[in-house]
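Since the structure comes first, as structure tokens, the remarks are kept for the end.
The structure presented is a predicted model; accordingly, all values stated were derived computationally and were not measured. Quick note on labels: first sequence line is chain A, next is B, and so on, each numbered from 1.
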Amino acid sequence: MSVRVRFAPSPTGPLHIGGVRTALYNYLFARKHGGTFILRIEDTDRTRYVPGAEAYIQEALQWLGLTYDEGPDKAGPHGPYRQSERTAIYRRYADQLVAAGHAYYAFDTPEELEAMRTRMKKAGAAAPKYDQVTRQYMRNSLTLPENETRELIEQGVPYVIRLKTPRQEEVKFQDEVRGWVKFQSGQLDDKVLLKADGFPTYHLANVVDDHLMDISHVIRGEEWLSSTPVHVLLYRYLGWEPPCFAHLPLILKPSGKGKLSKRDGDLGGFPVFPIEWKDPRTGEVYAGYRESGYLPEAVLNILALLGWSPGAGREILSLDEMTRLFSLEKVGKSGAKFDPQKARWINQQHLKRKSGQALAPYLRTELEKLGIDGYDDAYLAAVAELTREKAQLLTDLWPLSRFFFIAPVEYPLDVVKKKWRPEVRDFLASLAERLPDGPLSAETLETAFEEAAQALGVKAGRMKQLFRIAISGQPSGPSLFPAAALLGGGELKKRLRTFLTWAEQHLEE
RNA sequence: GGCCCGUUCGUCUAACGGUUAGGACGCCAGGUUUUCAACCUGGUAAUAGGGGUUCGAUUCCCCUACGGGCUGCCA
């Protein structure tokens, strides 16, 4: 049996990281088994449709490198891959279920349903549902005479098609991550399959499409676990073999309770969306991992570890490595709290593994924003090479790299005061004299540094931080001599003199 | 409330009946004879509780507690 899996988001807004993780696991499973990964858009709710959401999903997956083999923009043998374009198909199966006696027409208006619920609540039912018992008192093709049902339909009275759940049956299925899960059908309600507007609900569309698209494994979030028995029933009534199910543990809020939601990002200071999202209705902008300085491979790595572990202490993984190591057996059962700190650490690890060359374009972009040019790629790469060690996010790179392009004009007065001593002036001046005008190596610089210190009888170590401040304007930063050497002798001299002048003005002895 | 799922350091997790219960993030301490978010070393800290089963339970079973999901003509 060939592996075919799908990621089936609903375009009701931006994809959040829980969804991204579902996509990732599906992707990994497909690639691991040489299978097919499909993107299917579940846009069956016209009231919640958000323009731009589908494009957002595609852009996010593309940025992350989760390429799919079939999808709305990638033709395949089982299209179309947008459910709104498949309504006739669902209709056909809904009719088939009615004809077979497994589903029925229900004419109850929303008001009537509401009335039923409040009535039952008053009578003591905590969560009233349209089920084996309730349906006997509602307006549907089970309670109405056949000719009346036909008449209502002919008159164009709105109706839905509901699944006729059996009264007392055990419905069970084997979940790949949880083992056998059992439900009593009497606990189920008569789910709407086809809505009054002719669109299917998730349950119908999902089952029909998974079958028609030949899906072998349904890998989705745990929020679907309790509707799986309904799906199992549907497969049975349609005469189809159900796929394998695997329900993934949920990603939980870092603090407090509940599953991760839109708001949590703002509160916790971390993004919940892969890329930035502008709400077309409110104009609100939500931060994305991409814009916040995360590498796509790091985001994938962060998410992969939330609910899955390859064991053996492996944590920093590329997409290829994850693919090799992935298995549903190793997926955990319990919800995982999102840890923003660890997320940043993982990003940092990936950043450290990047070459300066690969990071250079990011610096280029920052320079362009400021209208600075005149630096070649090799220089940018060398800078990135030095600063990436200290960066956790891509966005940390520029603040760390800035002084390689822009000479400091201000210095942290308090630190300078603390470290200042009379011989510093002479030392820096002497160092400036010893430097060549052109390029220099870190070794040459260090030698000159030592010599200058010796000549004046001061400890080289004591001079280092002020030297750093003089050339970068910052009390800390990348490895000192390599960084300074990269600036070149001429530039160093200039900066030392500027600093000495500044010191004269700001330090009264 | 009902149904379903879950429960190992603060967090993510490893250990598929026998380990001094391991790793990672975080935190703390020390080192790196300048700083430092980097690096190195060390430390801190867990099997929810109670019953079984077993020679032996983190691991299997039951109960309780707690957490989560679902309970829509939303997905």
### Query
Looking at A:Tyr93, does the NZ or CZ of A:Arg91 lie under 6.0 angstrom from its six-membered ring centre and within 45 degrees of the ring axis?
no

### Query
Among the nucleotides B:C70, B:G10, B:A24, which one has an atom lying closest to any side-chain atom of A:Asp339?
B:G10

### Message
Taking pairing as Watson-Crick or G-U wobble with both contacts under 3.5 Å, can you name the mate of B:G72, or confirm there isn't one?
### Response
none

### Query
Taking the side chain of A:Lys195 as its heavy atoms from C-beta onward, which of B:C73, B:A38, B:U71 lies nearest to it?
B:C73

### Query
Would a distance-only check, ignoring hydrogens and angles, find a side-chain to backbone donor-acceptor pair under 3.5 Å from A:Ser309 to A:Leu305?
no

### Message
Starting the side chain at C-beta, find the nucleotide from B:U8, B:C12, B:U34 nearest to A:Ser334.
### Response
B:U8

### Summary
Scanning all shown strands, the Watson-Crick or wobble mate of B:C16 with both distances under 3.5 Å is none

### Message
Please pick, from B:G68, B:A75, B:C73, the nucleotide with the shortest atom-to-atom distance to any side-chain atom of A:Leu113.
### Response
B:C73

### Message
For the C1' atoms, the ones on B:U8 and on B:A57, what distance do you get once it is rounded to whole angstrom?
### Response
14 Å

### Query
If pairing requires Watson-Crick or G-U wobble contacts with both distances under 3.5 Å, which nucleotide is the partner of B:U8?
none

### Task
Please state how far atom CD in A:Gln132 lies from atom C1' in B:C3, giving the value in whole angstrom units.
13 Å

### Task
Provide, to the nearest angstrom, the distance between the CD atom belonging to A:Gln348 and the C1' atom belonging to B:A37.
7 Å

### Message
Can you classify the ring geometry of A:Tyr202 versus A:His231 as parallel (below 30°), tilted (30 to 60°) or perpendicular (above 60°)?
### Response
tilted

### B:C27 pairs with, by Watson-Crick or G-U criteria that keep both distances under 3.5 Å
B:G43

## Note on the structure
The residue, A:Leu194 or A:Trp345, whose nearest nucleotide of RNA chain B is more 5′ is A:Trp345

### Message
Suppose we define a pair by two distances each less than 3.5 Å, Watson-Crick or G-U wobble; what does B:U32 pair with here?
### Response
none

### Task
Rounded to the nearest angstrom, tell me the gap between atom NZ in A:Lys459 and atom P in B:U35.
12 Å

### Test item: A:Asn301 side-chain N/O and A:Ile346 main-chain N/O as donor-acceptor pair under 3.5 Å
no

### Message
Tell me whether the side-chain N or O atoms of A:Lys352 pair up with the base of B:A38 as donor and acceptor below 3.5 Å, since no angle test is needed here.
### Response
no

#### Entry: Interatomic distance where NE2 belongs to A:His203 and P belongs to B:G72 [whole Å]
10 Å

### Task
Return the orientation label for the A:Phe481 and A:Phe467 ring planes: parallel under 30°, perpendicular over 60°, tilted otherwise.
tilted

### Task
Using the C1' atoms only, state how far B:A24 lies from B:A46, rounded to an integer number of Å.
15 Å

### Message
Using the C1' atom as the point on both nucleotides, what is the distance between B:G31 and B:C66, in whole Å?
### Response
43 Å

### Task
Anything under 30° is parallel, anything over 60° is perpendicular, the rest tilted; go ahead and classify A:His16 against A:Phe273.
tilted

### Query
Should the ring pair A:Phe449 and A:Phe427 be called parallel, tilted or perpendicular, given that the plane angle runs from 0 to 90° and is split at 30 and 60?
perpendicular

## Note on the structure
From CG of A:Leu260 across to C1' of B:G69 the rounded distance in Å is 15 Å

### Message
Please classify the nucleic acid contact of A:Ser476 as base, sugar-phosphate, or nothing, using heavy-atom distances under 4.0 Å.
### Response
base

### Message
Is it the case that B:C5 (base atoms only) and A:Arg178 (side chain only) share a donor and an acceptor within less than 3.5 Å, ignoring hydrogens and angles?
### Response
no

### Query
OP1 or OP2 of B:C12 sitting under 4.0 Å from any side-chain N/O of A:Arg21?
no

### Message
By nearest atom, which of the nucleotides B:G69, B:U35, B:G1 is closest to the A:Lys259 side chain?
### Response
B:G69

### Message
Side chain of A:Leu400, heavy atoms from C-beta onward: which of B:G69, B:A37, B:A75 has the nearest atom to it?
### Response
B:A37

### Query
For A:Asp108 and A:Tyr130, does a side-chain donor sit closer than 3.5 Å to a side-chain acceptor?
yes

### Query
Base, sugar-phosphate, or nothing: which does A:Tyr202 touch, judged by heavy atoms less than 4.0 Å apart?
base

### Task
Answer yes or no: does a side-chain N or O of A:Lys464 lie under 4.0 Å from OP1 or OP2 of B:U32?
no

### Task
Provide, to the nearest angstrom, the distance between the CD atom belonging to A:Glu329 and the C1' atom belonging to B:U59.
16 Å

### Pair assignment for B:A38, Watson-Crick or G-U wobble, requiring both distances under 3.5 Å
none

### Task
With A:Lys172 as the cation and A:Trp180 as the aromatic partner, state whether NZ or CZ is under 6.0 Å from the six-membered ring centre and within 45° of the axis.
yes

#### Entry: G-U wobble or Watson-Crick pairing nucleotide for B:U58 (cut-off 3.5 Å, both distances)
none

### Task
Identify which nucleotide among B:C4, B:G69, B:A24 has an atom closest to any side-chain atom of A:Glu315, counting heavy atoms from C-beta outward.
B:A24

### Proximity to the side chain of A:Leu480 - top-ranked nucleotide from B:U34, B:A75, B:C3
B:U34

### Among B:C3, B:U35, B:A37, the nucleotide that comes nearest once only the side chain of A:Gln187 is considered
B:C3

### Query
Which base sits across from B:A21 as a Watson-Crick or G-U pair, both distances under 3.5 Å?
none

#### Entry: 5' priority, RNA chain B, between A:Ala106 and A:Lys333 [closest heavy atom]
A:Lys333

### Message
Taking the minimum atom-to-atom distance to the side chain of A:Ala336, which one of B:G68, B:C4, B:C12 wins?
### Response
B:C12

### Task
Could you tell me the separation between the CE atom of A:Met322 and the P atom of B:U13, rounded to a whole number of Å?
15 Å

#### Entry: Presence of A:Arg162 side-chain N/O under 4.0 Å of B:C73 phosphate oxygens OP1/OP2
yes

### Message
Can you measure A:Lys172 atom NZ to B:C4 atom P for me and round it to whole angstrom units?
### Response
15 Å

### Message
B:G26, OP1 or OP2 - any side-chain N/O from A:Lys337 closer than 4.0 Å?
### Response
no

### Query
Is A:Thr44 near enough to B:A75 that one of its side-chain N or O atoms lies under 4.0 angstrom from OP1 or OP2?
yes

### Message
Say we look at B:A21 and B:G67: how far apart would their C1' atoms be, to the nearest angstrom?
### Response
23 Å

